[in-house]
**Student:** 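If you scroll down you'll find the structure; I have some questions about it.
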Amino acid sequence: MNRKIISLAMIVVLLIFCTACGKSKSLDQVDTISIGEVFSDPSEVAERTMTFTVNRAEVSSNMKELGVDPYSIEGPDNFVWYYGENGKFTSIQYPDYVNLENGQLKDGFVFVLVDITATNIDATSKTTGDSSGDFDSDYMFLSSRFNLSDLSQKELNDKGKELSTYMTVRQLWCSQQDIRGYYELCPGESKNFQLGFVIHCAAEDYGSLYLTNASALDLAIPNLLLVDLDLGTNG
């Protein structure tokens with residue numbers, strides 16, 4: 001009898017613990033990284049240490065104002081997706097969201113340019129060399145590891161119910177585009193590069209934009225990186 005009581009008590013404790021673990025966090029419960037702060041991303045390397053610093057971020061409704069040619073993001077997969085005012089999932093294919101001649105983005109969209117410095121202390125990459133010439137190195141790192149998240153807009157399910165995950169978009173432009181978004185960085189070296197994102201931000205509340213290492217962002221996931229881009233309400 002006592003054993004049954006103990007077993008039931010243990011089950012109750014486990015259920016309470018699991019329920020607590022399953023609760024989603026709010027932004028004020030997550031440590032964020034500031035502009036100029038050095039951080040590491042263990043998921044980027046096979047072993048040892050590599051660090052990153054976000055030096056600055058800029059936002060504009062015109063790509064050319066930030067020095068990026070709209071033609072440079074040309075590609076069949078370079079679409080932008082978001083949830084509209086009615087909560088409906090919407091995607092816009094390139095180049096329908098940008099004027100290719102003057103660089104002006106469609107109303108409600110902005111271009112975010114993030115300047116990053118990567119420093120390889122003594123790390124090797126998870127990307128294995130394939131003897132192709134491009135990747136015949138233990139030090140090829142992927143710039144598209146970082147994404148942009150709008151923490152003012154959570155994702156929705158098919159019934160329009162708000163989920164605990166947040167809108168995240170991948171880069172559409174990178175200054176290191178010569179080798180499919182990869183760059184070589186040997187131990188002891190540093191490299192500066194820029195990432196460009198197009199995001200729907202109709203409310204112009206740019207302070208909700210964060211750089212992250214997550215492709216599907218939930219504040220409760222382990223090893224989450226969130227860099228506050230310090231763009232304020234008007235960039």
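Treat the numbers as computed from the prediction; the structure is a model and nothing was measured.
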**Student:** To the closest 0.5 Å, what do you measure between CG (Leu231) and OG (Ser208)?
**Tutor:** 9.0 Å
**Student:** Looking at CG of Leu224 and OG1 of Thr32, how far apart are the two atoms once the value is rounded to the nearest 0.5 Å?
**Tutor:** 10.5 Å
**Student:** What's the separation between atom CD1 in Ile116 and atom OG1 in Thr53, rounded to the nearest 0.5 Å?
**Tutor:** 9.5 Å
**Student:** When you look at Val59 and Phe197, which way does the side-chain contact (heavy atoms from CB on, under 4.5 Å) test go after all the steps?
**Tutor:** CA-CA 9 Å; Val59 60; Phe197 304 86; over 6 Å; no
**Student:** Might you point out which heavy atoms bring Glu184 and Ser137 nearest each other, and give the distance in Å?
**Tutor:** OE2-OG, 2.8 Å
**Student:** Are a donor atom and an acceptor atom from the side chains of Ser164 and Asp218 found within less than 3.5 Å of each other?
**Tutor:** yes
**Student:** Same hydrophobic cluster for Ile33 and Val38, using side-chain heavy-atom links shorter than 4.5 Å among ILVMFWY?
**Tutor:** no
**Student:** Whether the side chain of Lys191 engages the backbone of Asn120 through a donor-acceptor N/O pair (distance < 3.5 Å, no angle test) should be reported.
**Tutor:** no
**Student:** Report the C-alpha distance between Thr212 and Asn147 in whole Å, list the side-chain angles of each, state the deciding distance to 0.1 Å, and finish with yes or no for side-chain hydrogen bond (donor to acceptor under 3.5 Å, both in side chains).
**Tutor:** CA-CA 5 Å; Thr212 179; Asn147 298 291; over 6 Å; no
**Student:** Would you please test Met63 and Leu172 for side-chain contact (heavy atoms from CB on, under 4.5 Å) and show each step?
**Tutor:** CA-CA 12 Å; Met63 292 179 60; Leu172 297 186; over 6 Å; no
**Student:** Mind running side-chain contact (heavy atoms from CB on, under 4.5 Å) on Val198 and Asn78 for me, showing each step along the way?
**Tutor:** CA-CA 10 Å; Val198 175; Asn78 283 351; over 6 Å; no
**Student:** What's the shortest heavy-atom distance between Asn62 and Gln104, and which atoms?
**Tutor:** ND2-OE1, 3.2 Å
**Student:** Any chance you could measure Leu100, atom CG, to Glu74, atom CD, to the nearest 0.5 Å?
**Tutor:** 8.0 Å
**Student:** Could you tell me whether the side chain of Tyr94 and the main chain of Pro70 form a donor-acceptor pair under 3.5 Å?
**Tutor:** yes
**Student:** Classify the ring geometry between Tyr83 and Phe89 as parallel (under 30°), tilted (30 to 60°) or perpendicular (over 60°).
**Tutor:** perpendicular
**Student:** Kindly give the heavy-atom pair with the smallest separation between Gly75 and Gln93, and that separation in Å.
**Tutor:** O-NE2, 3.7 Å
**Student:** Measuring from atom CD1 of Ile221 to atom CG of Asn213, what distance do you get when rounded to the nearest 0.5 angstrom?
**Tutor:** 6.5 Å
**Student:** Determine, using ring centers only, whether Tyr210 and Tyr166 are less than 6.0 Å apart.
**Tutor:** no
**Student:** Would you please say whether a donor-acceptor pair under 3.5 Å links the side chains of Thr117 and Asn192?
**Tutor:** yes
**Student:** I want to check something: taking the side chain as every heavy atom from C-beta on, are Leu226 and Leu27 in contact at a cut-off of under 4.5 Å?
**Tutor:** yes
**Student:** Work out which heavy atom in Leu195 is nearest to a heavy atom in Cys174; give both atom names and the distance.
**Tutor:** CD2-SG, 3.7 Å
**Student:** Who pairs with Arg56 by salt bridge (charged side-chain N to carboxylate O under 4.0 Å, His left out), at least two apart in sequence or on another chain?
**Tutor:** Glu58, Asp115
**Student:** If you count the non-hydrogen atoms of other residues, nucleotides and ligands that lie under 6.0 Å from CG in Asp96, is the total more than 12?
**Tutor:** yes
**Student:** Determine the minimum heavy-atom distance between Cys201 and Val110, stating which atoms define it.
**Tutor:** CB-CG2, 4.2 Å
**Student:** Honestly curious: do Ile121 and Phe141 fall in one hydrophobic cluster under the side-chain, below-4.5 Å linking rule?
**Tutor:** no
**Student:** Closest heavy-atom contact between Met167 and Tyr82?
**Tutor:** CE-CA, 3.4 Å
**Student:** May I ask you to decide if the ring planes of Phe109 and His200 are parallel, tilted or perpendicular, using 30° and 60° as cut-offs?
**Tutor:** perpendicular
**Student:** In a check of side chain to side chain contact (heavy atoms under 4.5 Å, CB included) between Val169 and each of Ile199, Asp150, Leu209, which one passes?
**Tutor:** Ile199
**Student:** Answer yes or no: are there more than 12 heavy-atom neighbours, outside Lys64 itself, under 6.0 Å from its atom NZ?
**Tutor:** yes
**Student:** Within the distance-only criterion (no hydrogens, no angle test), does the side chain of Ser175 pair as donor or acceptor with the backbone N or O of Gln194 below 3.5 angstrom?
**Tutor:** yes
**Student:** Quick one: pull up OG1 in Thr165 and NZ in Lys154 and give me the separation to the nearest 0.5 Å.
**Tutor:** 9.0 Å
**Student:** With side-chain contact (heavy atoms from CB on, under 4.5 Å) as the test, would you mind laying out the steps for Glu37 and Phe52 before giving the verdict?
**Tutor:** CA-CA 8 Å; Glu37 184 178 348; Phe52 301 90; over 6 Å; no
**Student:** Leu163 and Leu151: same hydrophobic cluster, using ILVMFWY side-chain contacts below 4.5 Å?
**Tutor:** no
